[in-house]
Amino acid sequence: MKKVLLFSLIIFTTLAVSAYETIIFHFPDGELWESAFYKKRGNEAILQYVPGGQTSNNWIRTIVVHSYNENESPAPFFAQTEIRKMLKINPTKKYKLIKSRETDAIYTRCTDDYKNIPAHCEFLRITCAHGGIVTIQYMNRNKKDFENNYTLWLEVIRRARLMNSYWRDERTFNKSIYFEL
């Protein structure tokens with residue numbers, strides 16, 4: 001009996017480690033968003049989406065996803081660390097808390113121009129994933145557009161879902177927007 005339990009535990013642990021985590025967005029109807037940048041380095045993956053016609057360096061709106069595997073920090077604690085980093089980059093405005101739970105937190109802010117960084121408005125979501133933590137950041141350099149579409153984009157960021165699958169070729173994935181985190 002002990003051998004069966006040990007074997008089952010080994011298989012279960014192996015399955016959990018080899019699972020493929022992906023992120024799924026429901027972009028607004030009529031908008032074509034595409035991957036502009038993707039890089040995986042060590043335990044971190046970085047993914048950037050931009051609307052069609054924009055690039056990773058030349059964008060008005062963008063979504064940037066950072067995935068940190070093997071990080072078990074509570075979302076609000078991790079958020080504070082990330083916020084401190086971003087306030088060093090552009091300290092012109094502070095973040096306002098929208099939602100805070102142990103496993104999920106959302107913040108917003110609109111910055112001013114600072115050094116070589118253009119002003120922008122953003123949502124920052126930190127959410128716990130299977131065996132790690134993910135940040136989702138929507139940024140818009142057009143403040144009026146951000147304000148006019150505040151509720152729409154807040155919902156896009158809230159509805160972003162992480163999917164954990166044991167099969168790399170899961171049929172629910174759209175191969176053009178599938179990225180392992």
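The analysis underlying the following values was restricted to heavy atoms, covering all of them including side chains, and did not include hydrogens, waters or symmetry mates.
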Quiz item: Does any donor atom in the side chain of Asn140 or Tyr138 lie under 3.5 Å from an acceptor atom in the other side chain?
Solution: yes

Self-check item: With sequence neighbours excluded, residues passing side chain to side chain donor-acceptor pair (under 3.5 Å) with Thr108
Solution: none

Quiz item: How far does CG of Asp112 sit from OG1 of Thr92, to the nearest 0.5 angstrom?
Solution: 4.5 Å

Quiz item: Which pair of heavy atoms, one from Ala36 and one from Ser56, lies closest together, and at what distance?
Solution: CB-N, 3.7 Å

Quiz item: Hey, are the side chains of Thr135 and Ile133 touching, using non-hydrogen atoms and a 4.5 Å cut-off?
Solution: no

Self-check item: From Trp33 atom CH2 to Tyr49 atom OH, the distance as rounded to the nearest 0.5 Å
Solution: 10.5 Å

Self-check item: Stepwise side-chain contact (heavy atoms from CB on, under 4.5 Å) test for Gln48 and Thr62
Solution: CA-CA 7 Å; Gln48 181 183 17; Thr62 188; 2.9 Å; yes

Quiz item: With hydrophobic residues grouped by side-chain heavy-atom distances under 4.5 Å, do Phe25 and Leu162 end up in a single group?
Solution: yes

Quiz item: For the atom pair CZ (Arg61) and CD (Gln54), what is the distance rounded to the nearest 0.5 Å?
Solution: 7.0 Å

Quiz prompt | Distance-only side-chain donor-acceptor flag, Asn57 / Thr55, under 3.5 Å | solution = no

Self-check item: Closest approach of Ser35 to Leu47 (non-hydrogen atoms, all atoms of both residues)
Solution: OG-CD1, 4.0 Å

Quiz prompt | Modelled atom types, side-chain donor and acceptor of Glu155 and Trp153, under 3.5 Å | solution = no

Quiz prompt | Value rounded to 0.5 Å, distance of NE2 in His66 from CD1 in Ile46 | solution = 5.0 Å

Practice problem: Verify the cluster assignment for Leu124 and Ile89: are they in a single hydrophobic cluster under the rule of side-chain heavy atoms below 4.5 Å apart? | Solution: no

Quiz item: When you measure from the side chain of Ser73 to the backbone N and O of Phe78, does any donor-acceptor pair fall under 3.5 Å?
Solution: no

Quiz item: If you take all heavy atoms of Phe123 and Leu154, which pair is closest and at what distance?
Solution: CE1-N, 3.6 Å

Quiz item: Who are the ring pair (Phe, Tyr, Trp, His ring centres under 6.0 Å) partners of Trp59, not counting sequence neighbours?
Solution: none

Self-check item: Gap between atom CD1 of Ile63 and atom CD of Glu122 - 0.5 Å precision
Solution: 12.5 Å

Quiz item: Does a salt bridge link Glu44 with Arg41, judged by any charged N lying under 4.0 Å from a carboxylate O?
Solution: yes

Quiz item: What is the minimum heavy-atom distance between Ala75 and Cys128, and which atoms define it?
Solution: N-SG, 4.1 Å

Practice problem: Taking Arg125 for its side chain and Ile157 for its backbone only, find out whether a donor-acceptor pair lies under 3.5 Å. | Solution: yes

